[in-house]
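Here is the structure we will look at.
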Number of protein chains: 2
Amino acid sequence: MRLKDLSAELGLSPTTVSRALNGYPDVSEDTRLRVVEAARRHNYRPDARARGLAMGRARSIGHVIPTATRHEMVNPVFADFIAGAGETYARAGYDMVLSVVGDDDEARLYRDLAATRKVDGIIVHGPRTADPRVALLRELGLPFVVHGRVSEETGPYSWLDVNNRRAFYRATEFLLDLGHRRIALVNGLEYMDFALRRRMGYLGALSDRQIEADPALMSSEEMTEPYGYRAARQMLALDRRPTAFLTASLITALGVRRAVEERGLVLGRDVSIVTHDDELSYFSAPDTVPVFTATRSSVREAGRLAAEMLLDLVEAPGGPPRHRLLEAVLTVGQSTGPAPDRD
Amino acid sequence: MRLKDLSAELGLSPTTVSRALNGYPDVSEDTRLRVVEAARRHNYRPDARARGLAMGRARSIGHVIPTATRHEMVNPVFADFIAGAGETYARAGYDMVLSVVGDDDEARLYRDLAATRKVDGIIVHGPRTADPRVALLRELGLPFVVHGRVSEETGPYSWLDVNNRRAFYRATEFLLDLGHRRIALVNGLEYMDFALRRRMGYLGALSDRQIEADPALMSSEEMTEPYGYRAARQMLALDRRPTAFLTASLITALGVRRAVEERGLVLGRDVSIVTHDDELSYFSAPDTVPVFTATRSSVREAGRLAAEMLLDLVEAPGGPPRHRLLEAVLTVGQSTGPAPDRD
DNA sequence: ACGGGTGCCCAAAGCGCTTTGGGTGTGCGG
DNA sequence: CCGCACACCCAAAGCGCTTTGGGCACCCGT
């Protein structure tokens with residue numbers, strides 16, 4: 001059932017049917033009702049491609065998920081972020097088109113999305129400290145919002161980010177207040193912008209208390225569980241082992257915990273852990289004392305908000321870039337306690 | 001730069017340019033080269049909507065991710081499945097359009113996707129034991145592949161599934177061979193088809209050895225970490241507590257392990273765990289002895305294959321439905337050992 | 001009685017592509 | 001020299017919608 005069929009059946013012109021359905025005022029209330037009713041009855045929806053062609057807009061947003069070519073891992077936060085963004089799109093009548101691509105031919109993909117006009121805007125995931133995508137998208141003239149920031153980018157662009165620096169500054173401070181002095185940082189890959197900022201927060205807090213950072217207590221890698229385990233195991237074997245860990249994700253924290261327990265140490269007594277927690281749905285239970293002390297920030301909510309920003313940008317083009325900085329909250333769980341005396 | 005501009009610049013008709021780019025034989029090799037070169041230089045790609053409209057195909061596949069309305073969790077396996085499917089689409093030049101939707105108005109969404117012709121086919125995620133979506137999609141005439149199966153569906157449909165029944169049968173057998181008799185099942189929601197099949201495998205193995213299943217040792221819920229913890233904690237407090245657990249996901253297994261350790265029991269000695277493992281990228285390290293004994297099956301690979309099946313279906317319509325059953329492999333890790341004597 | 005609103009409706013153009021169904025010019029056999 | 005292939009190329013139609021720019025009645029005021 002297409003527009004032509006529907007209008008034929010109603011004895012109206014396609015023009016009138018189209019205008020009736022799109023709420024133009026120059027259609028009598030009577031006929032509008034007839035049209036709407038008939039459309040409903042036949043389950044008529046305009047063909048999205050034809051509509052988009054005629055109106056010049058795709059009503060869809062692109063998400064490009066880079067899979068690091070080396071260890072083709074897909075970051076689990078994407079799932080929740082996209083779920084959040086999806087809610088926004090559903091509400092606004094947009095579609096989400098997802099591309100999974102090795103980061104080597106990401107540029108080609110962006111050019112493609114622009115040239116084929118498949119999307120009205122793009123969400124940029126996983127920004128690096130220096131990220132060519134910002135300049136590229138600017139050149140292509142495609143509206144975009146970065147989830148995170150690009151430290152070395154000087155030009156204007158829209159972004160939504162968590163205050164990672166402050167979150168890790170406060171987490172470090174929290175551990176210092178508990179008497180910890182040897183605090184390890186089990187960080188994500190530090191060419192990722194968020195990881196760099198977290199490191200800066202950590203270093204800032206240490207230096208504000210005149211504590212020297214120990215390179216042996218800092219590591220940086222892709223945030224898997226085995227990585228947390230390996231890093232912690234190694235650090236715990238040091239002569240002057242850390243009494244506390246700062247980890248970049250819950251998943252990594254699980255690895256750290258495994259190493260701690262394997263060594264016969266007790267979490268929250270012998271060793272403390274503070275982790276960043278993106279509030280992934282499958283790790284949190286509604287009303288329980290959280291296991292891990294954490295800097296929390298819902299990545300799903302971030303997805304919702306980033307999508308809203310982008311839709312604003314798409315629907316009111318030419319405006320100034322938008323920014324939004326979310327604060328993480330520090331929630332105390334069972335994984336932290338005062339530094340043990342014996343040191 | 002559109003087709004018209006390009007053809008004007010070349011002094012050719014749009015027809016010829018189009019045919020040159022699409023590899024028709026009635027274009028001289030000379031002009032084809034000129035055209036291709038000019039297209040490359042101007043970074044020309046045909047508008048996807050116009051192309052789709054003219055050709056009647058969208059070159060994109062829909063994935064509908066249901067978020068259980070109650071506890072709006074998004075299953076982490078989706079991320080990896082979609083990453084896998086995305087690889088296939090990228091290779092074949094298809095797009096993936098993703099919709100996140102509460103399961104109450106899922107039907108409307110399917111009708112919409114069909115009526116607006118936004119996609120050429122659909123992957124159905126998270127099938128229930130009785131799932132109305134199969135009948136609906138059949139009625140809509142949209143090609144589809146179910147990731148999993150629908151036990152109560154009698155009509156034909158295409159699917160790709162893991163042999164969950166056999167996987168859990170073997171896992172149970174494995175534990176029985178180790179001398180375990182009180183084996184708990186910490187299952188997913190049992191209106192989900194995969195969970196029901198796993199339960200049948202578990203029960204089948206028990207009854208084949210004349211062991212009576214104990215309802216106190218079976219639970220069923222959404223597969224979160226806290227759920228695993230809660231269920232295990234409760235079961236371990238029983239008079240005749242289980243000596244082994246079968247869990248439905250690595251994440252749940254982590255919760256079980258937490259409960260085990262909290263009770264001062266040692267994994268692999270006092271209590272064994274076998275879990276199903278979807279090989280999510282952020283839990284596995286290349287060359288390490290796996291922590292958990294598990295029935296493994298890569299959900300990413302499943303995504304790749306399901307997408308291939310669907311593309312076949314889309315490109316050669318009218319064929320018979322396709323099926324594919326993947327076997328999980330049982331890999332032995334450190335979480336299992338002989339049943340303790342003291343019982 | 002006549003000009004000008006006003007309320008409804010529609011034909012046709014256009015969005016950017018593909019495809020159908022020729023058209024033109026050259027080379028060849030008869 | 002004519003007719004026929006053959007190799008290239010193109011005008012125009014069509015995909016299904018929206019939007020522009022009227023057209024036609026009808027009514028109201030003068």
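Each chain gets a letter, A, B and so on, in the order its sequence line appears, and its residues count up from 1.
Note: CG (B:L53) to P (C:dT19) measures 12 Å, nearest angstrom. At whole-Å resolution of the value, CZ in A:R57 and C1' in D:dG16 are 18 Å apart. One interatomic measurement links the two molecules: CG of A:L6 to C1' of D:dG16, which rounds to 13 Å at whole-angstrom precision. Between the CE atom of A:M1 and the P atom of D:dG16 there is a distance of 13 Å, rounded to whole Å. Between the CG atom of B:D47 and the C1' atom of C:dT18 there is a distance of 13 Å, rounded to whole Å. Across the protein-nucleic acid pair, A:L10 atom CG and C:dC8 atom C1' stand 15 Å apart, rounded to whole Å. For A:R59 and D:dT18, the CZ to P distance is 12 Å, given to the nearest whole Å. With rounding to whole Å, A:K4 atom NZ is found 16 Å from D:dT18 atom C1'.
The closest side-chain heavy-atom distance from B:D161 to B:L326 is not below 4.5 Å. The shortest distance between side-chain heavy atoms of B:F81 and B:R304 does not fall below 4.5 Å.
Between B:Y44 and B:M1 the shortest heavy-atom distance is CD1-O, 3.3 Å. Closest approach of B:M309 to B:H323, counting heavy atoms only: CE-N, 4.1 Å. Here the closest non-hydrogen pair linking B:P156 and B:P321 is CB-CG, 3.9 Å. Closest approach of A:P127 to A:V150, counting heavy atoms only: CB-CG2, 3.8 Å.
Helix bend of the helix from C:dA1-D:dT30 to C:dG30-D:dC1: the angle between its two end axes, each built from five pairs, comes to 70° after rounding to 10°.
Phosphate contact (OP1/OP2 of D:dG16, side-chain N/O of A:Y44, threshold under 4.0 Å): absent. At D:dT18, one or more side-chain N or O atoms of A:R51 fall inside 4.0 Å of OP1 or OP2 (strictly under the cut-off).
Side-chain polar atoms of A:Y94 and A:R57 form a donor-acceptor pair below 3.5 angstrom. No side-chain donor-acceptor contact under 3.5 Å links A:R108 and B:N43.
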Worked check of salt bridge (charged side-chain N to carboxylate O under 4.0 Å, His left out) between A:R45 and B:D112: CA-CA 7 Å; A:R45 315 259 119 174; B:D112 243 61; 3.1 Å; yes
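DNA chain C is contacted by both B:R2 and B:D26; B:R2 maps to the nucleotide lying nearer its 5′ end (nearest heavy atom per residue).
Residues from residues 12-25 of chain A that place a heavy atom under 4.0 Å from any atom of DNA chain D, listed by number: A:T15, A:S18, A:R19, A:N22, A:Y24.
The B:A54 side chain lies nearest to D:dC15 when the options are C:dC9, D:dG16, D:dC15.
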